[in-house]
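Input: a single structure, listed below in structure tokens.
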Amino acid sequence: MKFIDHVKIKVKAGDGGHGCIAFHREKFMPKGGPSGGDGGHGGDIILKSNKQLSTLQDISFNRFYKAERGQHGRGKNMHGRNGKSITIQVPLGTIAIDVESNQILCELTKENQSKVIVNGGNGGFGNARFKTQKNTAPRTANDGQVGEERIVDLELKIMADVGLVGFPNVGKSTLLSTISAAKPKIADYPFTTLIPNLGIVKYGDFNSFVMADIPGLIKGASSGKGLGIQFLRHIERTKLLLILLDGTSFDIESDLKILENELKNHEVDLSNKPKLIFVSKNDILEDNKIIKLLQKRNIISFSAITGNNIDIVIKKIVENLEKFNFSKKTTAKKI
Ligand SMILES: Nc1nc2c(ncn2[C@@H]2O[C@H](COP(=O)(O)OP(=O)(O)OP(=O)(O)O)[C@@H](O)[C@H]2O)c(=O)[nH]1
Ligand SMILES: [Mg+2]
């Protein structure tokens, strides 16, 4: 399955059916009243969130959606059938933007949330509706309304509570795989992670939070270098950022400055988000300078390989999430 987080689609709701002009005809009743039925409503196009989906891939295969038109009204006061609506299933976290006006049409952040993005046209009235005392045989009926049409940008911002941010190869995916059931690809080279990975981290008896691992950031990421930029938007909605620094780096302090700068320069300033800083790979930390620096700055280091301080990392994350009244009950067993 390919991770696709941006798709442009064209949607056209169904037109309304036309009202009908007809008159009641019966033997010995030459001048029966008007009997033209109304047209049916055109079908709508609806976006609906689906928890099972994690990409907009399916939608990228079919970029034009046209809902059925309403049938025209008929004689004998028969109304036209309504056109069928189309429901497009999208992953949780999808935002729909009208391309022409640049307005947000909806943000589907809850399960099974739905929103009509183009309305079908109303059916026209048949001539039976136009009968008055003065005009008992009207020759008027309405045409159905034209269904709405628009071009819509669908953008997926994945839903996670915590976002992992760091240079490539610092051990972000390794941490996610250690504390959740997620199985991201891990390797000793930069840009192993090419798409965001989500993992559910369980803690306590019945609690959990969702952590997102995004591709590594590099200096200049916010202006387009590397891969990180296009994925930074996935952590815009997170409550907490986890900045990961590599314990084996030559200059941790400069790494931190570069990362903070990239967060600040992202199109939505991410530097004011609550964040925690951790240093990875403490099992191979030999440099005394780094160890002293960590102590001085009160930064916790951990090892995702030996498990050292992993419990503290989770505890700190939970403490911070709870500060924002975060609480998510699951039926998960204690880890
Ligand atoms: N010794 C040691 N090695 C680690 C630790 N965590 C990760 N590594 C190693 O560091 C390398 C990179 O790990 P990844 O988890 O793929 O790093 P990443 O930050 O996800 O990298 P990108 O996806 O490229 O951004 C792998 O060879 C891991 O085995 C750790 O705690 N200790
Ligand atoms: Mg990775």
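Sequence positions, counted from 1, serve as the residue numbers for this chain. When a ligand or atom number is given, it counts from 1 through the structure's own listing order.
Interface atoms of ligand 1 facing Y189, defined by a heavy-atom separation under 4.0 Å, are 24 (O). Atoms of ligand 1 lying under 4.0 Å from at least one heavy atom of I284, given by number and element, are 1 (N). Here is the list of ligand 1 atoms found below 4.0 Å of a heavy atom in G216: 25 (O).
In this structure, F231 and F3 have tilted ring planes: the angle between them lies in the 30° to 60° band. In this structure, F302 and F278 have perpendicular ring planes: the angle between them is above 60°, well past the 30° mark.
Note on K157 versus E236: salt bridge recorded, some NZ/NE/NH1/NH2 to OD/OE distance being below 4.0 Å. Ionic pairing of K66 and E149 is not present here: no N-O contact between side-chain nitrogen and carboxylate oxygen is shorter than 4.0 angstrom. A salt bridge is absent between K239 and E322; no separation between the charged side-chain nitrogens and carboxylate oxygens falls under 4.0 Å.
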Quiz prompt | CA sep, side-chain torsions, deciding dist, call: R150, D98, salt bridge (Lys or Arg N to Asp or Glu O under 4.0 Å) | solution = CA-CA 7 Å; R150 52 171 41 128; D98 176 61; 3.1 Å; yes
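For F250, the CZ atom is loosely surrounded, since the number of other residues' heavy atoms within 6.0 Å does not exceed 12.
Rounded to the nearest 0.5 angstrom, E260 CD and I258 CD1 are separated by 11.0 Å.
Not a single N or O atom of S280, backbone or side chain, sits closer than 3.5 Å to an N or O atom of ligand 1. Considering both main-chain and side-chain atoms, P190 never comes within under 3.5 Å of ligand 1 through any nitrogen or oxygen pair. Inclusion of G171 in the set of residues having an N or O under 3.5 Å from an N or O of ligand 1 is warranted. The shortest N or O to N or O distance between K185 and ligand 1 is not under 3.5 Å. By the 3.5 Å distance cut-off applied to N or O atoms, F191 is counted among the residues near ligand 1. An N or O contact shorter than 3.5 Å is missing between D213 and ligand 1 by distance. Every N/O-N/O distance between P215 and ligand 1 stays at or above 3.5 Å.
Only one option out of N169, L175, V170 pairs with K172 in a side-chain contact (heavy atoms from CB on, under 4.5 Å); it is V170.
Only the backbone of A187 comes within 4.0 Å of ligand 1, judged by heavy-atom distances. Under 4.0 angstrom from ligand 1, the non-hydrogen atoms of N169 come from both its backbone and its side chain.
Residue pairs satisfying the salt bridge (Lys or Arg N to Asp or Glu O under 4.0 Å) criterion with at least one member in residues 110-133, sequence neighbours excluded, are listed as follows: D38-R129.
Shortest contact from atom 8 (N) of ligand 1 to any protein heavy atom: K281 CE, 3.8 Å. In this structure, atom 30 (C) of ligand 1 lies nearest to the protein heavy atom I305 CG1, 3.2 Å. Of all protein heavy atoms, the one lying nearest to atom 25 (O) of ligand 1 is K172 NZ, 2.8 Å.
Take the Mg ion (ligand 2) and draw a sphere of radius 2.8 Å; the protein N/O/S atoms inside it number 2.
Here Q145 pairs with N122 under the side-chain hydrogen bond (donor to acceptor under 3.5 Å, both in side chains) rule; sequence neighbours left out. Residues satisfying the side-chain hydrogen bond (donor to acceptor under 3.5 Å, both in side chains) test with T136, not counting sequence neighbours, are none.
Contact analysis puts A304 in contact with ligand 1, with a non-hydrogen atom separation below 4.0 angstrom.
Inspection of the H24 and E26 side chains reveals an N or O donor paired with an N or O acceptor under 3.5 Å. Counting only N and O atoms by type, the side chains of D246 and T248 include a donor and acceptor under 3.5 Å apart.
Looking at L175, D283, T174, it is T174 that brings a heavy atom closest to atom 7 (C) of ligand 1.
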